[in-house]
Each structure stands twice: as C-alpha cells, then as structure tokens.
Amino acid sequence: MNLKKITLTALAGLTATFSFSQTVNITAKAGDPNRIIDRNIYGHFSEHLGRCIYDGFWVSPDLNVPKKDRIRLDIVDALKKIKVPNLRWPGGCFADEYHWRDGIGPRDQRPKMVNTNWGGVTEDNSFGTHEFLELCELIGCEPYIAGNVGSGTVEEMAKWVEYLNSSAESPMTNLRKQNGHPEAYKVKFWGVGNESWGCGGDMTAEFYTDQYKRYAVYARNYKDAPLKKIASGANSDDYHWTETAMKNIGRRMWGLSLHYYTIPTGDWGKKGSATSFTDAEYFKTMKNCLHMEELVTKHSAIMDKYDPEKKVALVVDEWGVWTDVEPGTNPGFLYQQNSMRDALIAGTTLNIFNNHSDRVKVASLAQSINVLQSLILTDREKMILTPTYHVFDLYKVHQDAEYIPLSFTSPDYSVDGKSIPALNVSASKDKSGAIHISLVNLDPAKPIKIQTALEGQSWKSVSGQILTSAKLTDINTFDKPNNIHIEKYAGAKKQGSQLVAEIPAKSVVVLELK
Ligand code: AHR
C-alpha cells in the first residue's frame, strides 16, 4: 500500500502514527462449494466456575425470572437468538475433578463437593448431566462434554458414555431410565480430558497421548451415536504437544484442542482491567489477540504433515480475553466486564477461525455467562447482553455457509513504532445465495475505505449492520443495558460492479449482498 504517514507525539508520551491511506482493494475469489464454515466454530463454554452455571444458567427457585425447573429462560432465549451451535461443559479445570455420578439422581441425595479450582466454594451438584442436557435441548444446541482424565478412571468415562448413549439393556441404561430419560441422549462431542498439561493432570504430551488411547478405546460408539472424540491439546504455542498428538494418536481422535487466551498486558500476574485501559494497552491487547492467527496457522501446518486430508479437526475450545476481575468480586470467580474492545476481539478471532475453517471446525468462547469474556452478565433478575454477544449475533450468518476466500493488504495501525493490521475480514455465501462480509477496523481513530471486486458472484444490493461506540472502554451496564447495540449501517454501496464502503474506526461491520 502507498501510505502517507505522519508521526505525532501525544501528550501521554505515546508516539502514534496516523496514516492517510488509499482505498483498500479486497479481491473475493469464487468459493469452493465444499469448503463450509462449520457452525460449531460459533460454540460456547460453560464451566462450574463462579456465576456461570450457579446464579447464571441455573438459578435459585425464588428468583423472579422465567424458568424451566431452575434453568433461566431469558438467557435461553438470548442464546437461541444467536444460534448457539454447541455448549462445552462441565469444564475446564473443573472437568478433571468432576465425578458425573455425583450429579445424577434425586437432588437432595447428591453429595456435595468443594470446587477447589474456582474459589473453594461448595458445589451441591444440583446441576448435573440431566440438567445440562435439558439446557442444551432448550437452547437447541449440541452438548460437548469434557470427560475426567486427570482424577477419573477409564471405567468412569466409559460408563458415562454408556449411560448417555447406549440404547441397549444394561445397568447404566437402566439407571438413566430410572432417572427419567428412557431415550439415549446420543452425545457426540466428547472431550478426553482438559488441559492435561496443567490442571488436568500435569502430564507430558507423551504420557497424555498414551492415556488418551486407553480412555478412547473404551469410550464406545453406541448405535447411532458415533463419538467425535477430542483430545486435550496444546497450551497456546506448545507445538511439541500437537506434534506428539498427531504422531501418537493421529486419526484415532476426531479433533485436537487448542487453548489460547488474550491477556491484555501479556502478564498473567497483572492482566489489566476490562474497562480502564490506555491506547498503548489496547494496542497490546489487539496484538495479543491477533497472535491467534499465528497459532492456528502453525498448529494447522503440523497437523497437515500427518493429516493432509484434514480429517482431524482443530478445536479451539477455550479462547477469549482474560482480564483482572472486577474490583470487589471473588478473584476465583473470574467475573469481568465486557467493553467495545471485547467486541473487536470477538470479531477478529471469529474472522481468523472463518479464514481457517478448512481445519478449525469447533471453537468455544470462554465463557457464556458471568465468567471471562461473557455473552451475558447477570445481577439477580437483571441481565445484559454484552458487546461480545452482539458480535455473535452479527456473525451467525456465517454458520454452515460456503467460505469465500479474500485477499487484500491491510493498512497498519501503529503505536510507538509497532504495527498491527488495522483491518481483518472474512466472507461467506449462505444457502440462499446471500453473501456476508464481516469487517473489523481495529484502528481507534481512522475509518478505512474498501473497494471489493467479487469474482464470480452476482449481487444487486447491499445492506449492513454495525457495532461501534464512542470509546473503546464503553460497556453495557445494568442501568444502561443498550449503550452498545447493533445499528443499521448505510456506509456501503454498489458502484459499477464493485462494493464500496467506509468502515468506521473501532467497529465491527457485517454486510449482506443479495
Ligand atoms: O476458562 C477458565 C479456565 O481456563 C479453564 O477452567 C481452564 O481450562 C483454563 O485454564
């Protein structure tokens, strides 16, 4: 790009480079009808952690909200609206301490336990397997269950699968029937442990991959219920883990997981605030967020060596921004607010996943309610939809749509002599033939003009929606729940055969071409 740059020294001593750029030319090639953006990329994660399950999905019988049993239905409705395709449960670190038989049967007889990972609180096991599957049914999503490898046994996991998926007569299926569910649930997505390199057992890649094989052999495929077994995968850039899993497990797994969190400061000891950050910290956060591109590219390249046909899925089943907790809240509950910055993180990360949808087939944002980068925050009866929720609402059009490859050179967004690409984009064509282009402008000050040639696509009109706000630190609050909301966007038009648009600073825009 031919950029004219002016460097200014801001009052805070920060050196920011502002560029007056030309229009960005985006070329959209004709898509491959077999390359679909799997809807499961738009999945979510709900752990027994803080107020995600208890006081999130599963509320006190006295709470004055619409409920089925103790499942909060206003939350269910909100999740239905964004077409949540799957929900991962019960953890996270909690999964490797969870013994599923404690969470079935009459609730008043279920044993209690201490949630040692998250705040040391007492877990009463009132939300267990049946309650989770009922929640998934209400949302209309696939359950994704993470089994216990760290402190469990092969038998315990095998029996859980049998309890859920077998239709034959057996002590396990009789127990399920006794607990009110004659039909097999046929749960497909099955995690074999979680973070087995850390809270899931502190194992080496070599030891875990051998364990995986033991657990996986006895996690049986029952009639009409073939499992999609997902191996516990790498912690961010642990490429040795991926190499070992591909070598030792290979096609015996359906998917291999990857976990990566965006830490604003890059320092786990002092991660940074969710609502109060400088421009320099915003820049660092987005740079850390964009690191997902490198991770997915490099892990995929290793997988390609062993699996060139791309049969094994990369499953990014924990991602999102992880900040310091809100002041005054339990540090073990990971409750954080959600700003316009979070929306830009969500839009950028989902664009990365769409653009790698040949390998990334499932992903789970951490976590749905009241924990980390939430979709929804609650305060007793009140609930707010976060800016992140709105991005999932905007992007739901990509689910199961045909991927359209794009090429362009992004202008830079530069701070203190360092640069990141200001623009990220992905595109797809849905079953009706409508084309959707999601564009994220990370530059907090400058709009970006785009001009797009869409090879081989015919379209007559363009409409759009936008999520933006005056400040990156803006949030939705219980008093002002609609502070940040989706609006109609009128900044795009058809000019000859080209799509021309101006993407405002710090915004997420989704265009529809018909
Ligand atoms: O999402 C919070 C925690 O982060 C999960 O329990 C764990 O898997 C990860 O370290």
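The residues of the chain are indexed from 1 along the displayed sequence. Indexing begins at 1, ligand by ligand and atom by atom, following the structure's order.
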Participant: Start with the C-alpha gap between Glu155 and Tyr218, add the side-chain angles, then the distance that decides, and say whether side chain to side chain donor-acceptor pair (under 3.5 Å) holds.
Facilitator: CA-CA 8 Å; Glu155 183 194 13; Tyr218 301 99; over 6 Å; no

Participant: At less than 4.0 angstrom from any non-hydrogen atom of Gln367, what atoms of ligand 1 do you find?
Facilitator: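 Every atom of ligand 1 under 4.0 Å from some heavy atom of Gln367: 1 (O), 2 (C).
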
Participant: Just jot down the ligand 1 atoms closer than 4.0 angstrom to any heavy atom of Glu195, in number order.
Facilitator: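 Answer, ordered by atom number: 7 (C), 8 (O), 9 (C), 10 (O).
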
Participant: Could a heavy atom of Phe94 be found less than 4.0 Å from some atom of ligand 1?
Facilitator: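 Under 4.0 Å: no for Phe94.
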
Participant: Does the N or O separation between Trp322 and ligand 1 drop below 3.5 Å for any pair?
Facilitator: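 No; the residue has no nitrogen or oxygen that sits under 3.5 Å from a nitrogen or oxygen of the ligand.
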
Participant: Among all protein heavy atoms in this structure, tell me which lies nearest to atom 1 (O) of ligand 1, with the distance rounded to 0.1 Å.
Facilitator: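 The closest heavy atom on the protein side is Tyr261 OH, 2.7 Å.
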
Participant: Does Cys93, backbone or side chain, put an N or O under 3.5 Å from an N or O of ligand 1?
Facilitator: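 Checking ligand 1 against Cys93, an N or O pair does fall under 3.5 Å apart.
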
Participant: Would you mind telling me if ligand 1 is within reach of the side chain of Trp118, the backbone, both or neither, using heavy atoms under 4.0 Å?
Facilitator: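 It is the side chain that touches ligand 1; the backbone stays farther off.
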
Participant: May I ask you to list the atoms of ligand 1 that are less than 4.0 angstrom from any heavy atom of Phe45?
Facilitator: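 Per the distance check, 1 (O).
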
Participant: Have a look at Ser257 and tell me which of Asn194, Thr242, Asp317 forms a side chain to side chain donor-acceptor pair (under 3.5 Å) with it.
Facilitator: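 With Ser257 as partner, side chain to side chain donor-acceptor pair (under 3.5 Å) holds for just one option, Asp317.
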
Participant: Considering the heavy atoms of Leu372, write down every atom of ligand 1 situated less than 4.0 Å from one of them.
Facilitator: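 Selected atoms, number and element: 1 (O), 2 (C).
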
Participant: Is there a polar contact between ligand 1 and His259, counting only N or O atoms under 3.5 Å apart?
Facilitator: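 For ligand 1, there is no N or O atom that lies under 3.5 Å from one belonging to His259.
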
Participant: My understanding is that only residues two or more places apart in sequence, or in another chain, count here; which of them pass ring pair (Phe, Tyr, Trp, His ring centres under 6.0 Å) with Tyr42?
Facilitator: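 Tyr42 satisfies ring pair (Phe, Tyr, Trp, His ring centres under 6.0 Å) with no residue once adjacent residues are dropped.
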
Participant: Go through the steps for Asp38 and Ser357 under the test side chain to side chain donor-acceptor pair (under 3.5 Å), then give the verdict.
Facilitator: CA-CA 7 Å; Asp38 196 310; Ser357 51; over 6 Å; no

Participant: What atoms in ligand 1 come closer than 4.0 Å to a heavy atom of Asn194?
Facilitator: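 That gives atoms 8 (O) of ligand 1.
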
Participant: Is Trp241 reaching over with its side chain to a backbone N or O of Ser232, donor-acceptor style, under 3.5 angstrom?
Facilitator: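 Confirmed, Trp241 side chain pairs with Ser232 backbone.
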
Participant: Under a 3.5 Å threshold, yes or no: a donor from one side chain and an acceptor from the other, between Ser368 and Ser46?
Facilitator: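 Distance-only check passes for Ser368 and Ser46.
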
Participant: When you measure from atom 7 (C) of ligand 1 to every protein heavy atom, which one gives the shortest distance, and what is it?
Facilitator: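 The closest one turns out to be Glu318 OE1, 3.3 Å.
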
Participant: Report yes if the SG atoms of Cys93 and Cys199 are separated by under 2.5 Å, and no otherwise.
Facilitator: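 Yes, disulfide present: SG-SG under 2.5 Å.
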
Participant: Ignoring hydrogens and angles, state whether a donor on the side chain of Glu123 or Tyr54 is under 3.5 Å from an acceptor on the partner side chain.
Facilitator: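 Looking only at side-chain atoms, Tyr54 and Glu123 do form a donor-acceptor pair, the distance falling under 3.5 Å.
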
